[in-house]
Amino acid sequence: MALSKKKYLDSVAASRPKRMKWWTEARYGMFVHWGLYAQLERNEWVWAIENIPKEEYEKLADTFKPKPRAPREWAKLAKESGMKYMVLTTKHHEGFCLWDTKLTDFNAVKRGPKRDLVKEYVDACREYGLKIGFYYSLMDWHHPDGATCAHDEKARRRFIDYTQGLVRELMTNYGKIDILWYDVSCPLQSPEKWESVKINTMVRELQPHILINDRSQIPEDFSTPEGSVRAAEAGRGWEACMTFNHVSWGYMRSAAHDTHRSRDILQMLHTCCSGQGNLLLNIGPAPDGSVPKEAFEPLQTVGKWIAKNKEAFYGNFDRPNIGWTSACCAHTQKGKTIYAWVKHWPGAELPLAGFKTKLLAASFMDGKKISFTQDMKQERIVLTGLPKECPDKLSTETVLIKLDFASKPKHMWCSKNAALHAWDKK
Ligand code: GLC
């Protein structure tokens, strides 16, 4: 018998810390939007946006002919980029299933590709040691009951059975799956109508360690801010998902100036590190499965940067209680250690203000020591003898400096400005 919603959510919460451990430490994953829409090169919503007749859109299922084992290219790039997991659109809103489903012929084995693309993806993730996520769109524009289910109970029953059947296949046929990433729960208006507790109970029986996102109308394990990187409240897992070109998740030819630079990606990742969240950065492969060319350089550059700064990037961070120390940098924090993300290189000296705790050591991430002075009374640290030019050679212009304090650092921004802090003394 299905659990009540409360009992279900309580049991999910109880096992959450253990299930989420790897994910909270992983920080960075690759989202992959790939489907028939890639062939039209005008956004994954193209069918709906452009009022394309169904018979015409369906033909794309036969002309979709990806090259063999294309997902290896994505997984290789994800690995080189410092990402720890991937999430693939196994079925987007268009309803085309990339796997060998028995529940519809509108799938990759029966139509153009003539192969199970989900299997190729799973194999590639395993080959490159990446955790495996399945995106699944609840909304379905192709299924005959996908719209009528909103006002016809018989259609709803059929559509929910279909949904449960597809999710069951995904959770049964590919071994261990790490993330189920639902999307767009239209047109049914409540979790009761979606029977979300029932579906997710089944998912958890089949994959007890799995993480589920918040888009099946119940909160589940983590939140998914979209299109901007903003932290959820402390204690709640969150993962910001971002397109690569600000306009489309599916393949669309994009000029380099429309896409993220390595520096932009690092900015997003900094917000994730300091807000205890993750970044799921999308690529929309071309119809043949190739990675869009403009994605390589920024992703690989960031990957090289992460490889040099691993300790300050993966793992569990505190939320730093640190305001401005300098206009040149921002921070992340792990216990007694502060990592200053110096985004604007200051030259030979970097003053850092407001720390009320003794600094024991300062260094670059390769261990090279940095000399400093600390005036405890004035709450002012000055890092000295720094290179005149930014030592970053990767074009990210972001250099990390590690500051080891005697205890968890206390800090107050602009602490010596009497006018700013007058209200504290009231
Ligand atoms: C939105 C869009 C969808 C995309 C998703 C990614 O919900 O409808 O196309 O897959 O965001 O988060």
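Throughout, numbering of the chain's residues begins at 1 and tracks the sequence. We count ligands from 1, going down the list as the structure has it; atoms in each ligand are counted the same way.
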Asker: Would you say the side-chain atoms of Asn282 pair up with the backbone N or O of Phe244, donor to acceptor, closer than 3.5 Å?
Answerer: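 A pair under 3.5 Å: no.
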Asker: Return yes if a side-chain donor-acceptor contact under 3.5 Å exists between Glu205 and Thr201, otherwise no.
Answerer: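 The answer is no; no qualifying pair exists.
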Asker: Indicate yes or no: does Arg204 engage Glu220 in a salt bridge with an N to O separation below 4.0 Å.
Answerer: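 Answer for the salt bridge query: yes.
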Asker: Which ring-ring contact (aromatic ring centres under 6.0 Å, His included) pairs, counting each pair once, include a residue from residues 280-310, with sequence neighbours left out?
Answerer: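 Listed once each, the pairs are Trp305-Trp341.
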Asker: List the protein residues in contact with ligand 1, where contact means a heavy-atom separation under 4.0 angstrom.
Answerer: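 Close residues (ligand 1, cut-off 4.0 Å): Phe31, His33, Glu44, Trp45, His92, His93, Tyr135, Trp181, Asp183, Val184, Arg215, Glu226, Cys241, Trp249.
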Asker: Taking atom types as modelled and ignoring hydrogens, do the side chains of Lys67 and Ser290 form a donor-acceptor contact shorter than 3.5 angstrom?
Answerer: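 There is such a pair (donor and acceptor under 3.5 Å, judged by atom type) between the side chains of Lys67 and Ser290.
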Asker: Assess whether side-chain hydrogen bond (donor to acceptor under 3.5 Å, both in side chains) is satisfied between Thr89 and His33, documenting all intermediate values.
Answerer: CA-CA 5 Å; Thr89 51; His33 274 70; 5.5 Å; no
